[in-house]
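Scroll down for the structure; my scribbles are underneath it.
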Amino acid sequence: MKFFADTSDIDDIKKLNEAGMLDGVTTNPSIIAKSGRDFIPLIEEICDIVEGPVSAEVASTDYETMSKEGAKLAAIADNVAVKVPLTPAGLRVCKELSDKGTMVNVTLCFSPGQALLAAKAGAAFISPFVGRLDDICQDGLSLIADILRIYENYESFDTEVLVASVRNPIHIIESAKMGAHVVTCPPSVIHQLYSHPLTDKGLAAFVEDWKKTGQSIL
Ligand code: G3P
């Protein structure tokens with residue numbers, strides 16, 4: 001499973017990258033707005049740090065403008081994945097860009113039917129938003145299961161399921177059990193995977209017992 005960080009925070013990105021836990025980054029207009037930074041230079045900086053795919057989302061909703069925005073974003077760096085919304089115009093841009101060899105991440109996916117259309121449009125990634133479905137008492141993880149089951153039936157589909165809107169480690173674990181290709185989540189959720197009280201307790205006991213030996217390995 002690939003781990004993408006759903007953030008534009010440079011420090012968080014660098015920390016995960018140094019830990020060897022970062023395979024890519026996703027951003028969206030809300031994340032960019034929160035950063036307070038200029039969009040293009042920020043994506044350029046992230047692309048310089050991260051080798052894997054960096055999702056940069058178009059801002060418009062009409063085909064003509066999204067097409068121009070997508071081409072501009074794709075030109076920033078080879079590892080840019082242009083993010084487009086799951087709309088008729090967005091999927092038209094997806095087909096146009098993917099036919100030219102550009103990675104496209106189709107976002108705001110909430111149904112298996114939408115995911116089927118994205119695969120047919122040649123998306124490199126589909127982003128089903130599990131957390132936002134959970135937020136309205138629908139089972140977000142069952143959408144992941146449905147999409148994976150559909151995609152497995154068609155060898156021609158190269159679209160990777162990029163589980164998005166992740167709220168907790170359970171979303172990551174359950175998606176991994178199902179074989180989802182990628183998860184994108186806030187860095188804090190990735191860090192939560194490290195933690196277990198029995199690990200902390202056991203390590204403290206090892207350290208204490210080692211001290212009693214009076215020895216040093218070095
Ligand atoms: O960036 C796409 C997605 O991960 C955002 O999810 O629900 O946390 O805004 P959310």
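Order of appearance sets the numbers: ligands from 1, and atoms from 1 within every ligand. Start at 1 with the first residue, then count along the sequence.
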Original post:
Among all protein non-hydrogen atoms, which one is nearest to atom 3 (C) of ligand 1, and what is the separation to 0.1 Å?
Top reply: Asp6 OD2, 3.4 Å

Subject >> Enclosure of Gln192 CD (heavy-atom neighbours >12, cutoff 6.0 Å) >> reply: yes

Original post:
Just which atoms of ligand 1 are under 4.0 Å from any heavy atom in Asn28?
Top reply: 1 (O), 2 (C), 5 (C)

Subject >> Polar atom proximity, Arg167 to ligand 1 (N or O, under 3.5 Å) >> reply: yes

**OP:** Report whether Phe3 and Val50 are members of the same hydrophobic cluster (ILVMFWY, side-chain heavy atoms less than 4.5 Å apart, transitive linking).
**Re:** yes

Original post:
Is the count of non-hydrogen atoms from other residues, nucleotides or ligands lying under 6.0 Å from Arg37 atom CZ greater than 12?
Top reply: yes

Original post:
Counting both backbone and side chain atoms, is some N or O of Thr184 under 3.5 Å from an N or O of ligand 1?
Top reply: no

Original post:
Just wondering, are more than 12 heavy atoms of other shown residues or ligands nearer than 6.0 Å to CD in Glu155?
Top reply: no

**OP:** Could you say whether the N/O atoms of Thr27 and ligand 1 ever approach to under 3.5 Å?
**Re:** no

Original post:
Strictly under 4.0 Å, does any heavy atom of Lys83 approach an atom of ligand 1?
Top reply: yes

**OP:** Distance to 0.1 Å, residue and atom name: give those for the protein heavy atom nearest to atom 6 (O) of ligand 1.
**Re:** Ser165 CA, 3.3 Å

**OP:** Output the list of atoms in ligand 1 that are nearer than 4.0 Å to some heavy atom of Arg132, sorted by atom number.
**Re:** 7 (O), 9 (O), 10 (P)

Subject >> Tyr194 and His191 aromatic ring geometry - parallel, tilted or perpendicular at 30°/60° bounds >> reply: parallel

Subject >> Side-chain heavy atoms of Pro187 within contact of Lys15, under 4.5 Å >> reply: no

